[in-house]
Amino acid sequence: MKKNKSFIISILAGMLIIGGCSTSNSSEPSTSSNPPSASAPSASSSSTSTAAPEPAADDSGLTQQVTQGPYYVTGTSELTNGNLNYDNLTGDKIKVQGYVYAGASGTTPVAGAKVEIWHADDSGSYQPNGNGAASSYSTDEISLRGYVMTDENGYYEYTTIYPGEYSGRTRHIHTNTTADGYKGVITQLIIPSLEGDEMTAAQDNIAQSLPAYNQVTFTDVDDIPTTAFNYRIASN
């Protein structure tokens, strides 16, 4: 009987020891795999996350030349305070600013570059509705035409009105950029269409022939819709 008692006590003691080890192990962290990173998004959170905004259009590469068009007037005047709408024509005020750089990339400024600007008025008409030399027209026949010069940093800016659209073209601004020692370039800034327009940039052959960078967008700065456009011109 004593032997049986001793045997039962031995079994019970062993069970207590085994049970104690099992309880201890269950509270220890597993070392078989690393814990998930707290910063890693779950599948559900990534599927509902907001998409990143599209990157800005790349302005690298030489500014692309396009047709001069039938409404280029030579010999126009330098703008006073960069105001292209010196005749106070009707239309919403906008501002264009940027730099003229040397070469297809980099930020070497071209000081003293001349940026000529012309575009249609609010109704879609050019003033004058023709070309040639400015001296062939009276001063009251010429509007929304002139030029600005870049400063020592290659910077320019001007204000004007939102250009109108006309048959066969989306809204746009013509520019002719020239500088001593560099090849001149005529190009167009493609302006966002408005509701009810007959033609968008996607339907305009000239707009489609230009880099995406030429399709400018506007952001309000001091309550004036403003866009930036950089020119990159090649040396002679």
Side-chain angles (χ1 to χ4, degrees), residues 62-100 109-152 154-191 204 206-207 209-210 214 216 224-234 236:
L62 294 174
T63 300
Q64 188 165 316
Q65 179 93 11
V66 295
T67 179
Q68 175 179 283
Y71 304 112
Y72 177 51
V73 173
T74 61
T76 55
S77 301
E78 184 172 6
L79 302 178
T80 301
N81 298 322
N83 179 24
L84 190 68
N85 187 26
Y86 42 81
D87 288 326
N88 295 317
L89 302 181
T90 59
D92 294 327
K93 185 176 182 179
I94 60 173
K95 183 176 183 178
V96 181
Q97 59 188 18
Y99 294 86
V100 179
V110 179
K114 179 181 180 181
V115 182
E116 296 177 77
I117 312 115
W118 68 102
H119 64 78
D121 63 19
D122 187 45
S123 66
S125 297
Y126 286 87
Q127 300 186 28
N129 192 33
N131 54 23
S135 57
S136 300
Y137 300 94
S138 62
T139 54
D140 61 356
E141 291 179 296
I142 300 177
S143 295
L144 299 175
R145 298 174 182 273
Y147 68 89
V148 292
M149 304 293 293
T150 61
D151 64 15
E152 65 274 13
Y155 178 78
Y156 75 91
E157 67 175 39
Y158 59 89
T159 57
T160 184
I161 56 173
Y162 210 87
E165 71 158 349
Y166 54 91
S167 180
R169 288 303 315 277
T170 193
R171 299 172 188 266
H172 60 281
I173 295 175
H174 296 266
T175 64
N176 180 26
T177 305
T178 55
D180 291 343
Y182 294 88
K183 297 176 181 177
V185 60
I186 293 175
T187 197
Q188 295 179 19
L189 280 62
I190 306 302
I191 307 301
D204 187 301
I206 293 178
S209 72
L210 290 165
N214 284 62
V216 301
I224 301 175
T226 302
T227 191
F229 189 87
N230 297 330
Y231 296 91
R232 296 187 180 278
I233 56 179
N236 288 330

Heavy-atom closest pair, residues [X] and [Y]:
X: T170; Y: A207; answer: CG2-CB, 4.4 Å
X: V100; Y: V115; answer: CG2-CG2, 4.2 Å
X: G146; Y: L84; answer: N-CD1, 3.7 Å
X: G82; Y: V148; answer: CA-CG1, 4.0 Å
X: N230; Y: T63; answer: O-OG1, 4.1 Å
X: N83; Y: L79; answer: O-CD2, 3.7 Å

Rounded at 0.5 Å granularity, tell me how far [atom1] in [X] sits from [atom2] in [Y].
X: I142; Y: T76; atom1: CD1; atom2: OG1; value: 8.0 Å
X: T159; Y: N81; atom1: OG1; atom2: CG; value: 8.5 Å
X: T160; Y: I191; atom1: OG1; atom2: CD1; value: 9.5 Å
X: Y231; Y: N176; atom1: OH; atom2: CG; value: 9.5 Å
X: Q97; Y: Y156; atom1: CD; atom2: OH; value: 8.0 Å
X: I190; Y: I206; atom1: CD1; atom2: CD1; value: 7.5 Å

Partner residues of K95 under the salt bridge (charged side-chain N to carboxylate O under 4.0 Å, His left out) criterion, sequence neighbours left out: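 If we apply the salt bridge (charged side-chain N to carboxylate O under 4.0 Å, His left out) test to K95, skipping adjacent residues, the hits are E157.
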All salt bridge (charged side-chain N to carboxylate O under 4.0 Å, His left out) counterparts of R145, not counting sequence neighbours: none
Test your reading of the model: is there a side-chain donor-acceptor pair from [X] to the backbone of [Y], 3.5 Å cut-off?
X: S135; Y: A133; result: no
X: N214; Y: Q188; result: yes
X: Y147; Y: G75; result: no

Over 12 non-hydrogen atoms of neighbours within 6.0 angstrom of CG in D92: no
Neighbour count >12 (heavy atoms, 6.0 Å) for atom CG, D180: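 Open: at most 12 neighbouring heavy atoms sit under 6.0 Å from CG of D180.
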Sub-4.5 Å side-chain heavy-atom contact between [X] and [Y]:
X: T187; Y: L210; value: yes
X: L189; Y: V96; value: yes
X: L89; Y: Q127; value: yes
X: P163; Y: L144; value: no
X: D204; Y: R169; value: yes

Side chain to side chain contact (heavy atoms under 4.5 Å, CB included) assessment of K183 paired with N236: CA-CA 6 Å; K183 297 176 181 177; N236 288 330; 3.4 Å; yes
Ring pair (Phe, Tyr, Trp, His ring centres under 6.0 Å) assessment of Y162 paired with H119: CA-CA 9 Å; Y162 210 87; H119 64 78; 9.3 Å; no
Plane angle bin for H172 and Y126 - parallel if under 30°, tilted between 30 and 60°, otherwise perpendicular: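 Y126 and H172: tilted rings.
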Ring geometry between H174 and W118 (parallel below 30°, tilted from 30 to 60°, perpendicular above 60°): parallel
Modelled atom types, side-chain donor and acceptor of Y86 and S77, under 3.5 Å: no
